[in-house]
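Quick notes on the structure that follows.
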Number of protein chains: 2
Amino acid sequence: MPGRARTHVPLPEGITDAALRDLVSYSMKRAFNAMQADMLRALAPFDLRLMTFAALSLISENPGLRPSQLADGLAVERGNLVGILDALAARNLIDRIPCPVDGRAQTLHLTEAGVAVLARARQAARAQDSRMVDVLDPDALATLLSALAKIEEHARTRA
Amino acid sequence: MPGRARTHVPLPEGITDAALRDLVSYSMKRAFNAMQADMLRALAPFDLRLMTFAALSLISENPGLRPSQLADGLAVERGNLVGILDALAARNLIDRIPCPVDGRAQTLHLTEAGVAVLARARQAARAQDSRMVDVLDPDALATLLSALAKIEEHARTRA
DNA sequence: TATTGTTATACTCTATAACTATA
DNA sequence: TATAGTTATAGAGTATAACAATA
C-alpha cells in the first residue's frame, strides 16, 4: 500500500515508524489504548471500567438477560464473565435470579442502585465519547463506525 | 447523536445494544479485540505478539534506539518494557549494548536472527492486515486511519 | 535534581480447559 | 449428549511506585 498518508502521532525526536504506520492494526492499537485510558478515567468516579459499564448497559437494555447471552454481547468468554458479575452483585448493582423455566440458567437484572449508577455513568461515558470524536466531522465518524463494524464482522474469530 | 447508523455485528436473538452502539468506544473495543485475535494468530508461527512485533519493527527502523525511546514509540511504560526486551534478548533476537556516551543508557539492535524473524513476520503481519481491511474501499480506509490518528492525538493521555 | 534502566506489585483482560447440575 | 454456570490456571497488558547508577 504505497503512498498511504502520514497520519500518526509524532514519535520522539528522530525516531521513525514508517513500517509500522503501514499497518492498520498498529493504528488501531494505539488509538484504542488512548481511548481506553480516557474512558477509564471518565468511569473511575463510578468504580466502573469499560467492561463493567458495558455489562450494566446491556443488562439495563435487556432485563432478564442470561449470563451466556451477556457474554456473547460483550464478546467475552463465559468463564471470564463470572468474576465480573460476582463483583457487580457484591456491590449490589445487579441481581442474579434463577430462571424459573430452566434450572441451569439465571436471569440478570439491575438493582435500584444499579439503575442509579448506570444513569450517571452513562452521562460521563457519553460525554467522554463525544469529546473523543469531537475532532471528526460527521462523515468521518460514520465511516469510522462502519469500518470498525466491517472489520469486526469479517474477523475470523467471529466468522 | 440521533440517527447514527446501525453498524454493529448482530447480537444473540432478541438482545439489543442500542445504547452501547451509540458509543464509539464500544465499537473500537470490539473491533480491536477481533483484530488482535487475528493478528495474534498470524504472528504465532514466529512466537511474536503485536507488542514484540512492533518492538522489533521499531528497533529495525531505528538501530541504536534506547529503551526509553522505544517505550514512547510503543506507548508502553518503561517498566513494562523491560520484560519484553528480556524475552527478545533471551531469544537472541536483539542485542542490548551499553551506550558509550551515556553510562545510564543502552542501545538496541537487531541480531541477525532478529532481522530474519522480523522479515518473515512482517510478511505475515502485512498479509493479515491487508486481509482485515480488504472489506474497506480506499476512501474508507484512508478515513479510518485519519480518524484513528486524530483520536489518539487528541486523547488526554497523550496531550 | 533529573533521567535510565530496573524491580516489584497489583489488577484487568484474554484463552483454555475441565467440572457440576441441569436439560 | 449438550448446555449453563462455574472454577481454575496461565499469560499478556497496564498502572503505579520505588530503587540504584549515572548525568
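Every value quoted in this text rests on a predicted model; they were computed, and no experiment measured them. When reading the values below, keep in mind they use all heavy atoms of this one structure, side chains included, and skip hydrogens, waters and symmetry mates. Just so we're on the same page: letters track the sequence lines, and every chain starts at 1.
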Between [atom2] of [N] and [atom1] of [X], the distance in whole Å:
| X | N | atom1 | atom2 | value |
| --- | --- | --- | --- | --- |
| B:R78 | C:dA8 | CZ | P | 17 Å |
| A:L74 | D:dG5 | CG | P | 13 Å |
| A:D72 | D:dG5 | CG | P | 11 Å |
| B:L70 | C:dT6 | CG | C1' | 15 Å |
| B:E77 | D:dA18 | CD | P | 15 Å |
| B:D38 | C:dA15 | CG | C1' | 15 Å |
| B:L81 | D:dG13 | CG | P | 11 Å |
| A:M35 | D:dT14 | CE | C1' | 14 Å |

Q) B:A54 and A:L20: which non-hydrogen atoms are nearest, and at how many Å? A)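 Minimum heavy-atom contact is O-CD1, 3.6 Å.
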
Q | Phosphate-side-chain proximity, A:S68 and D:dG5, N/O vs OP1/OP2 below 4.0 Å | A |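 Answer is yes, contact under 4.0 Å.
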
Q. What salt bridge (charged side-chain N to carboxylate O under 4.0 Å, His left out) pairs are there with at least one residue in residues 95-107 of chain B, not counting sequence neighbours?
A.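 As it turns out, the salt bridge (charged side-chain N to carboxylate O under 4.0 Å, His left out) pairs with a partner in residues 95-107 of chain B, which skip direct neighbours, are B:D86-B:R96, B:D102-B:R104.
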
Can you check whether [Y]'s main-chain N or O pairs, donor with acceptor, with [X]'s side chain at less than 3.5 Å?
| X | Y | value |
| --- | --- | --- |
| A:T143 | A:D139 | yes |
| A:R91 | A:D47 | yes |
| B:E152 | B:A149 | no |

Q. Closest nucleotide of DNA chain D for A:G83 versus for A:Q36: which of these residues is on the 5' side?
A.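 Whichever sits nearer the 5' end wins; that is A:G83.
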
Q | Within residues 90-111 of chain B: residues closer than 4.0 Å to DNA chain C (heavy atoms) | A |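 Residues of residues 90-111 of chain B under 4.0 Å from DNA chain C: B:R96, B:R104, B:A105, B:Q106.
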
Q | Contacting residues from residues 45-52 of chain A, given that a heavy atom lies under 4.0 angstrom of DNA chain C | A |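 Close to the strand are A:R49, A:M51.
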
Q. Between B:D38 and B:R41, is there a salt bridge with N-O shorter than 4.0 Å?
A.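 Here B:R41 pairs with B:D38 in a salt bridge, since their nearest N and O are under 4.0 Å apart.
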
Q) Which comes earlier along DNA chain C counting from the 5' end, the contact point of B:L85 or that of A:L40, where each point is its nearest nucleotide? A)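 Checking each residue's closest nucleotide, the 5'-ward one belongs to B:L85.
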
(Q) If you assign each of A:I84 and A:G79 to its closest nucleotide in DNA chain C, which residue comes earlier from the 5' end? (A)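 It is A:I84 whose nearest nucleotide is closer to the 5' end.
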
Q) B:L148 and A:V135: same hydrophobic cluster, using ILVMFWY side-chain contacts below 4.5 Å? A)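 As far as the 4.5 Å side-chain criterion goes, A:V135 and B:L148 are connected within one cluster.
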
Q) Between A:H109 and A:T107, is any side-chain donor less than 3.5 angstrom from a side-chain acceptor? A)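 Indeed, the side chains of A:H109 and A:T107 share at least one donor-acceptor pair under 3.5 Å.
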
Q. Distance only, no hydrogens: is a donor on one side chain within 3.5 Å (strictly under) of an acceptor on the other, for A:R131 and A:Q128?
A.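 There is such a pair (donor and acceptor under 3.5 Å, judged by atom type) between the side chains of A:R131 and A:Q128.
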
Side chain of [X] only, heavy atoms from C-beta on: which candidate in [options] is closest?
| X | options | answer |
| --- | --- | --- |
| B:N80 | C:dG5, D:dT16, C:dT16 | D:dT16 |
| A:N33 | C:dT16, C:dG5, D:dT14 | D:dT14 |
| A:K29 | C:dT6, D:dG5, D:dG13 | D:dG13 |

Q. In Å and rounded to the nearest 0.5 Å, what is the NZ to CG distance from B:K29 to B:N33?
A.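 It comes to 4.5 Å.
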
